[in-house]
Amino acid sequence: MKLYKLLFYIFGLLLIFENFSCSKDKKLLSSTENKVSPNDFLSSNTYDFLIVEIQYVSGYEPTAACVDNLKTLLQQRINKNAGISVIQNTISSPGKSLYSLNDIKQIENSHRTQHTSGKTLTAYFLFFDGDYSENSGNAKVLGITYAKTSVAIFEKTIKAFSGGITQPSNANLESTVVNHEFGHLLGLVNNGTSMKASHQDIPNGSHCNDKNCLMYFNAETSDVIANIIGGVPSLDAQCIDDLRANGGK
Ligand SMILES: [Zn+2]
Ligand SMILES: [Zn+2]
């Protein structure tokens, strides 16, 4: 169990970094994507079709289960009358072992193929073959939401902390990170989607205070460890209420 505690201590730290990154980032890639709000994801008012583009460095693609779990989350929680589509494509390795936020934005600029226009909203996930450059000590970042439609996943780092005999499955750890990051695109918690009732874990940023929730930020309790080992956490009722009040379902 010691290893699990280390893992989730690490996982907890990634969420702190992710929020710093998110709040500091004002230079977004496209003016259209810059204007996208959580309500645009949740409702069909402005955009009735969603394309999630998943781009990955060869060999670092998400598991099929991770992609299925993301689709399930989106189909359960967002209103897109014309549908939701997930497309995947590969890029060659940018050739780094560490990726900075600036690197990530430049790679997105060069490679992203889907952009928001008309009634079609797009989100972009990029899976890397390296670690985040801001890692320090034992703190390993697994994912960052760095713009209003953009997420980076450090798949190499995820692989290092999953799939072993004493580790969670690769699919479960990927899914937890990917779904959690999409929760931030949807404005959780209290970050673009306001709260119906108070449940923000304020000391830990835009996170939920329900330890069983997908949007929980936790350092090292065994309850959270058990949750992720047992499967991918779901959103709790309070996070779902918030999404419903902002156009979701
Ligand atoms: Zn988070
Ligand atoms: Zn919650």
Side-chain angles (χ1 to χ4, degrees), residues 7-25 37-38 41-42 66 69-70 72-74 76-78 101 104 123-128 132 134-135 139-155 157-158 161 168 172-221 223-228 230-249:
L7 167 66
F8 287 98
Y9 175 65
I10 288 164
F11 180 64
L13 285 168
L14 87 87
L15 303 174
I16 292 180
F17 280 118
E18 149 215 313
N19 276 292
F20 280 130
S21 305
C22 192
S23 59
K24 279 194 300 193
D25 176 33
S37 69
F41 279 106
L42 290 161
C66 173
N69 285 335
L70 176 61
T72 299
L73 174 74
L74 296 178
Q76 285 173 339
R77 298 295 157 222
I78 74 173
L101 190 55
I104 292 164
Y124 180 74
F125 278 70
L126 185 49
F127 281 65
F128 281 96
Y132 190 40
E134 300 302 310
N135 287 335
K140 302 291 184 194
V141 178
L142 302 184
I144 55 171
T145 299
Y146 60 93
K148 292 185 177 175
T149 68
S150 306
V151 173
I153 302 292
F154 300 97
E155 178 66 18
T157 323
I158 288 176
F161 289 98
N172 280 359
L173 188 54
E174 273 177 357
S175 285
T176 300
V177 178
V178 165
N179 284 4
H180 180 100
E181 298 307 327
F182 217 107
H184 285 311
L185 294 182
L186 300 181
L188 295 173
V189 170
N190 201 22
N191 187 26
T193 288
S194 53
M195 293 185 289
K196 292 289 287 176
S198 177
H199 66 106
Q200 183 179 8
D201 180 7
I202 291 169
N204 291 313
S206 305
H207 292 108
C208 180
N209 64 10
D210 178 345
K211 65 185 179 183
N212 294 315
C213 179
L214 175 66
M215 298 311 293
Y216 189 59
F217 160 77
N218 186 36
E220 52 216 347
T221 77
D223 283 347
V224 166
I225 292 160
N227 262 4
I228 298 186
V232 181
S234 304
L235 292 170
D236 73 334
Q238 290 189 300
C239 283
I240 292 171
D241 283 349
D242 296 350
L243 297 182
R244 286 178 176 155
N246 193 24
K249 64 186 184 186

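Counting starts at 1 for both ligands and their atoms, in listed order. The model shown is predicted, which means the values in this text are computed figures rather than measured ones.
The closest approach of His180 to the Zn ion (ligand 1), by N/O/S atoms, is made by NE2.
The angle that His184 NE2 and His207 NE2 make at the Zn ion (ligand 1), rounded to 10°, works out to 110°.
Looking at heavy atoms from C-beta onward, Gln238 lies out of side-chain contact with Asp210 at the 4.5 angstrom threshold.
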side-chain contact (heavy atoms from CB on, under 4.5 Å) between Glu134 and Ile144, worked out: CA-CA 11 Å; Glu134 300 302 310; Ile144 55 171; over 6 Å; no

Worked verdict on Asn204 versus Tyr216 for side-chain contact (heavy atoms from CB on, under 4.5 Å): CA-CA 9 Å; Asn204 291 313; Tyr216 189 59; over 6 Å; no

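In summary, the side chains of His199 and Asp236 do not present any donor paired with an acceptor at a separation below 3.5 Å, with no hydrogens or angles considered.
The aromatic rings of Phe154 and Phe128 lie parallel to each other, with less than 30° between the two planes, well short of the 60° mark.
Residue-and-atom listing of protein N/O/S atoms under 2.8 Å from the Zn ion (ligand 2), sorted by chain and number: Cys208 SG, Cys213 SG, Asp236 OD1, Cys239 SG.
Val189 and Cys239 make their closest contact through CG2-SG, 3.9 Å (heavy atoms, listed as atom of the first residue, atom of the second, distance).
Residues that satisfy the side chain to side chain contact (heavy atoms under 4.5 Å, CB included) test with Asn69, not counting sequence neighbours, are Ser175, Asn179, Val232.
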